[in-house]
Colleague: 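Here it is, the structure, as structure tokens.
When reading the values below, keep in mind they use all heavy atoms of this one structure, side chains included, and skip hydrogens, waters and symmetry mates.
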Amino acid sequence: MAYEKQIVECVPNFSEGRNMEIIKQITDEIESVKGVRLLDVDPGEATNRTVVTFVGRPDAVVEAAFRSVKCAGRLIDMRRHHGAHPRMGANDVLPLIPVSGITLEECAELARGLARRIADELAIPCYCYEAAAFTPERKNLAVCREGEYEALAEKLTTERLQPDFGARPVDEAVERTGCTAVGARDFLIAVNYNLNTTSTRRANAIAFDVREKGRPVREGNPVVGKIVHGDDGKPLMKPGTLKCTKAIGWYIDEYGIAQVSMNITDLSVTPLHVAFDEVCRCAQNRGIRVTGTEIVGLIPKKTLVEAGRYFLSKQHRSSGIPEEDIIKIAVKSMGLDDLKPFNPREKVIEYMLEDAEEKAGGRLADLTVKAFAEETSRESPAPGGGTIAAYMGALGAALGAMVANLSSHKAGWDDRWDMFGGWAERGQTLMTELLHLVDEDTAAFNRIMEAFAMPKKTEDDRRARAEAVEAATLYAAQVPLRTMKASVKVFDICHEMALEGNPNSVSDAGVGALAARAAVLGAGLNVKINASGLADRAAADALTAEADALMEEAKRAESEIMKITEDRINKLK
């Protein structure tokens, strides 16, 4: 499985949209948490409400969310709050949203834990809604917020209406803070499809064709005929073709064109590229073309990667290429740069976090080849052999992917593109995992150094220090073992490419196998030297035995691949 960093988005809504000093104090609390990046602050004067967006590691996001609720509860007095938007608390809603490497169900568990902590530590009652709801009816936020702030006295003392955590009679503290709704939901994408028409009516017709709600059923003329009503008195609707979508048509003066404006509420049901193709199909049926796509706000990286792979597949092209190249295909295929330049570094959540981390210190894997070699050569012990082993494994995987891609695109081999593309994707996945381990190995060594630097004045100090050293040493042995396990998988790719790949690139498959062998053996040495420092000898022996087995497997695999490589090279003479 590919390494994917866990990233969660949080979009809390605070019942203050006019006093920027209060808003700034809340966002300062969010930004005080390491590993979190504040993406947007959107205050509204009429609603007297501010929507804040931030992202980061799950644990960091949960901590930042807790601090923001604490700060809002201290600064915002709900007894004096008035605004156009429904509300029931200083922090009114607090949704957690999976971006990458984490499921909606996992976010729901985080939300429930956060709600419990807010109720226990801050004495702010909490409802759990959407995916975090404990009952079906409370999935709907409106049910949790029914009656708003003014109904709290009744709801807190009526059993069926009580919050999930922190129920108690209203007192002065609750009057001040109100209640909070903590939940988890899927990522919502707002997207506009550009049309080569100025007709709002036709844009609306396309929107009705695709949106889940569809359009009203009419008698006779489908446009102006009398709307048909059901037994319940409500209009009968003919559903559109795209689930989990809402859409309308409008005209944009700035661009001089009409658009289909859409919200996709569940990307697992209707991915962006599927919606694009369907809007294109329905537009073409009405004599209209979609000229491009406008993304509103930020998007998860996987949305563009999935789209790029989809369009590559339609071309019978391998998607086992660098991520940036896949995203370029997505941008061009959907016309994301139709109205203005589209910069993934400014629109993709993961890239924005990466850029923030780079400013804060950077990663070894992001260095140039020259800078990486120079950094390794310095007198500091890290990066060292374990890091280099991981990089060697990444290079082996990259060479395997390269041969697969060259084979996939070889003239006369068109019927084999999918098979070779699959091997190329496996190579890219392993390369990504091993590049992550490049930095993880150095980080593991630094953890040992931090543990040794802990105080040892008292018996408690010495005990805590010894436990920290043991834990850090164990981790420092486990990381190169992960490098070994990932690098061993490179042999499968290189073996297949040496045997079946483009004969003109067979030497590259051989070099890939040599790099993978160096990675496994080199990482194995690091497992052993770190295991030697463990007090737990049983754990040390188990790690060493597993490393020895992997080293022997690597030697056998490399020897077999080199024989195949030499034989095929000889046949080229």
Colleague: Taking side chain as C-beta onward, heavy atoms only, is Glu212 less than 4.5 Å from Pro239?
Modeller: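 Glu212 vs Pro239: side chains apart.
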Colleague: If you round to the nearest 0.5 Å, how far is CD1 of Ile388 from OG1 of Thr442?
Modeller: 8.5 Å
Colleague: Does Pro383 offer a backbone N or O that forms a donor-acceptor pair with the side chain of Thr376 under 3.5 Å?
Modeller: no
Colleague: Taking 4.0 angstrom as the limit, do Glu146 and Lys155 come out as a salt bridge?
Modeller: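 Looking at Glu146 and Lys155, the cut-off is not met.
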Colleague: Could you grab the distance from atom CZ of Arg185 to atom CD of Glu130, nearest 0.5 Å is fine?
Modeller: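 Reported value, rounded in 0.5 Å steps: 7.0 Å.
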Colleague: Does the pair Glu63/Lys34 count as a salt bridge with the N-to-O cut at 4.0 Å?
Modeller: no
Colleague: How close do Asp461 and Lys456 get, counting heavy atoms only, and between which atoms?
Modeller: CB-CA, 3.7 Å
Colleague: Is the count of non-hydrogen atoms from other residues, nucleotides or ligands lying under 6.0 Å from Glu172 atom CD greater than 12?
Modeller: no
Colleague: Do other residues, nucleotides or ligands put more than 12 heavy atoms under 6.0 Å from the CD atom of Glu31?
Modeller: yes
Colleague: Do the charged groups of Asp460 and Arg463 touch, with an N to O distance under 4.0 Å?
Modeller: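 Between Arg463 and Asp460 there is a salt bridge, with a charged N closer than 4.0 Å to a carboxylate O.
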Colleague: Hey, does the side chain of Thr270 reach the backbone of Asp266 with a donor-acceptor pair shorter than 3.5 angstrom?
Modeller: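 Side chain of Thr270 to backbone of Asp266, a donor-acceptor pair under 3.5 Å: no, none is there.
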Colleague: To check you understand the geometry: which heavy-atom pair defines the closest contact between Gly385 and Asn526, and what is its length?
Modeller: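 It is C-ND2, 3.5 Å.
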Colleague: Side chains of Arg79 and His81: closer than 4.5 Å at any heavy-atom pair?
Modeller: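 Not in contact.
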Colleague: With Arg345 as the cation and Tyr351 as the aromatic partner, state whether NZ or CZ is under 6.0 Å from the six-membered ring centre and within 45° of the axis.
Modeller: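 Yes, Arg345 sits over the ring of Tyr351.
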Colleague: Working to the nearest 0.5 Å, report the span between CZ of Arg482 and CG of Asp441.
Modeller: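 The CG atom of Asp441 is 10.0 Å from CZ of Arg482, to the nearest 0.5 Å.
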Colleague: Walk me through it: do Gln428 and Ile326 pass the test side-chain contact (heavy atoms from CB on, under 4.5 Å)?
Modeller: CA-CA 12 Å; Gln428 289 289 336; Ile326 295 175; over 6 Å; no
Colleague: Any chance the side chains of Glu278 and Tyr193 put a donor and an acceptor closer than 3.5 Å?
Modeller: no
Colleague: Is it possible for you to check whether Lys302 lies under 6.0 Å from the centre of the six-membered ring of Phe187, through NZ or CZ, and within 45° of that ring's axis?
Modeller: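 Pair Lys302/Phe187 does not count as cation-pi.
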Colleague: Hey, mind stepping through Val191 and Phe276 against side-chain contact (heavy atoms from CB on, under 4.5 Å) and telling me if it holds?
Modeller: CA-CA 10 Å; Val191 56; Phe276 172 80; over 6 Å; no
Colleague: Run the salt-bridge test on Asp77 and Arg176 with the 4.0 Å N-O cut-off and return the result as yes or no.
Modeller: yes
Colleague: Drop me the distance from Ile7's CD1 to Lys301's NZ, to the nearest 0.5 angstrom.
Modeller: 7.0 Å
Colleague: For the side chain of Lys243 and the backbone of Val269, is there at least one donor-acceptor N/O pair under 3.5 Å apart?
Modeller: no
Colleague: Is it true that, when you exclude Glu137 itself, more than 12 heavy atoms of the residues, nucleotides or ligands shown sit nearer than 6.0 Å to its CD?
Modeller: yes
Colleague: Under a plain distance cut-off of 3.5 Å, with no hydrogens placed, do Glu9 and Thr53 share a side-chain donor-acceptor pair?
Modeller: no
Colleague: Is there a donor-acceptor pair under 3.5 Å between the side chain of Arg18 and the backbone N or O of Glu45?
Modeller: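 Yes; at least one donor-acceptor contact below 3.5 Å.
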Colleague: side-chain contact (heavy atoms from CB on, under 4.5 Å) for Glu175 and Val170? Distances and angles first, verdict last.
Modeller: CA-CA 7 Å; Glu175 287 180 348; Val170 170; 3.4 Å; yes
Colleague: Counting only heavy atoms not in Arg80, do more than 12 fall under 6.0 Å of its CZ?
Modeller: no
Colleague: Got a salt bridge between Glu459 and Arg462, using NZ or NE/NH1/NH2 to carboxylate O under 4.0 Å?
Modeller: yes
Colleague: Does the side chain of Leu114 reach to within under 4.5 Å of the side chain of Ile118, using non-hydrogen atoms?
Modeller: yes
Colleague: Quick one: are Tyr391 and Leu435 in side-chain contact, heavy atoms under 4.5 Å?
Modeller: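 Yes. Closest side-chain heavy atoms under 4.5 Å.
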Colleague: Asp92 and Arg145: salt bridge (Lys or Arg N to Asp or Glu O under 4.0 Å), yes or no, with the steps?
Modeller: CA-CA 9 Å; Asp92 190 51; Arg145 198 162 54 192; 2.4 Å; yes
Colleague: So, do Val279 and Met262 sit near enough that their side-chain heavy atoms are less than 4.5 Å apart?
Modeller: yes
Colleague: Is there side-chain contact between His82 and Asn48, with at least one heavy-atom pair below 4.5 Å?
Modeller: no
Colleague: Show your reasoning for whether salt bridge (Lys or Arg N to Asp or Glu O under 4.0 Å) applies to Glu121 and Lys70.
Modeller: CA-CA 9 Å; Glu121 298 184 27; Lys70 183 178 181 179; over 6 Å; no
Colleague: Taking all non-hydrogen atoms of both residues into account, name the closest pair between Leu39 and Met352 and its distance.
Modeller: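 Reported closest heavy-atom pair: CD2-CE, 3.8 Å.
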Colleague: Applying side chain to side chain contact (heavy atoms under 4.5 Å, CB included) between Leu188 and each of Ile97, Val11, Asn263, Ile264, report the one that passes.
Modeller: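 Checked Ile97, Val11, Asn263, Ile264 against Leu188; only one passes side chain to side chain contact (heavy atoms under 4.5 Å, CB included): Asn263.
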Colleague: Ignoring hydrogens and geometry beyond distance, is a side-chain donor-acceptor pair present between Thr473 and Asn530 at under 3.5 Å?
Modeller: no
Colleague: Please examine the side chains of Phe165 and Cys128, heavy atoms only from C-beta on, and report whether any two atoms are closer than 4.5 Å.
Modeller: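 Side-chain contact under 4.5 Å: yes.
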Colleague: Under 4.0 Å between a Lys/Arg side-chain N and an Asp/Glu carboxylate O for Arg87 and Glu148?
Modeller: yes
Colleague: Hey, does the Lys NZ or Arg CZ of Arg138 hover above the aromatic six-ring of Tyr127, less than 6.0 Å from the centre and inside 45° of the axis?
Modeller: no
Colleague: Rounded at 0.5 Å granularity, tell me how far CD1 in Ile26 sits from CD1 in Ile76.
Modeller: 4.0 Å
Colleague: Work out which heavy atom in Ala181 is nearest to a heavy atom in Tyr129; give both atom names and the distance.
Modeller: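 Nearest pair, atom of Ala181 first, then Tyr129: O-CE2, 3.4 Å.
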Colleague: Give the C-alpha distance, both sets of side-chain angles, the deciding distance and a yes or no for side-chain contact (heavy atoms from CB on, under 4.5 Å) between Glu433 and His436.
Modeller: CA-CA 5 Å; Glu433 181 179 355; His436 165 69; 5.7 Å; no
Colleague: Looking at Thr50 and Phe14, would you say the former's side chain and the latter's main chain have a donor-acceptor pair under 3.5 Å?
Modeller: no
Colleague: Looking at every heavy atom in both Ala65 and Ser68, which two are closest together, and how far apart are they?
Modeller: O-OG, 2.7 Å
Colleague: Ala486 and Leu430: which non-hydrogen atoms are nearest, and at how many Å?
Modeller: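 That would be O-CD2, 3.7 Å.
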Colleague: Are the side chain of Thr157 and the backbone of Pro169 linked by a donor-acceptor contact shorter than 3.5 Å?
Modeller: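 Here the side-chain-to-backbone pair does not exist.
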Colleague: Salt bridge or not for Arg112 and Glu109, using N-O below 4.0 Å?
Modeller: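 Yes, charged N to carboxylate O under 4.0 Å.
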Colleague: Rounded to the nearest 0.5 Å, how far apart are SG of Cys179 and CD of Gln162?
Modeller: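 If we round to the nearest 0.5 Å, Cys179:SG and Gln162:CD are 10.5 Å apart.
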Colleague: Under a 3.5 Å distance rule, please check whether Asp439 uses its side chain to pair with a backbone N or O of Leu364 as donor and acceptor.
Modeller: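 Looks like yes, one N/O pair under 3.5 Å.
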Colleague: So among Leu336, Ile349, Ile189, which one has a side chain to side chain contact (heavy atoms under 4.5 Å, CB included) with Ile299?
Modeller: Ile189
Colleague: Please determine whether the number of non-hydrogen atoms from other residues, nucleotides or ligands lying under 6.0 Å from atom CD of Glu150 exceeds 12.
Modeller: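 Above 12, so yes.
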Colleague: Give a yes or no on whether a salt bridge exists between Lys328 and Glu323, defined as a side-chain N under 4.0 angstrom from a carboxylate O.
Modeller: no
Colleague: Indicate yes or no: at least one non-hydrogen side-chain atom of Phe66 is less than 4.5 angstrom from one of Glu29.
Modeller: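 Heavy-atom side-chain distance check fails, nothing below 4.5 Å.
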Colleague: Does Arg465 use its side chain to pair, donor to acceptor, with the backbone of Phe452 at less than 3.5 Å?
Modeller: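 Looks like yes, one N/O pair under 3.5 Å.
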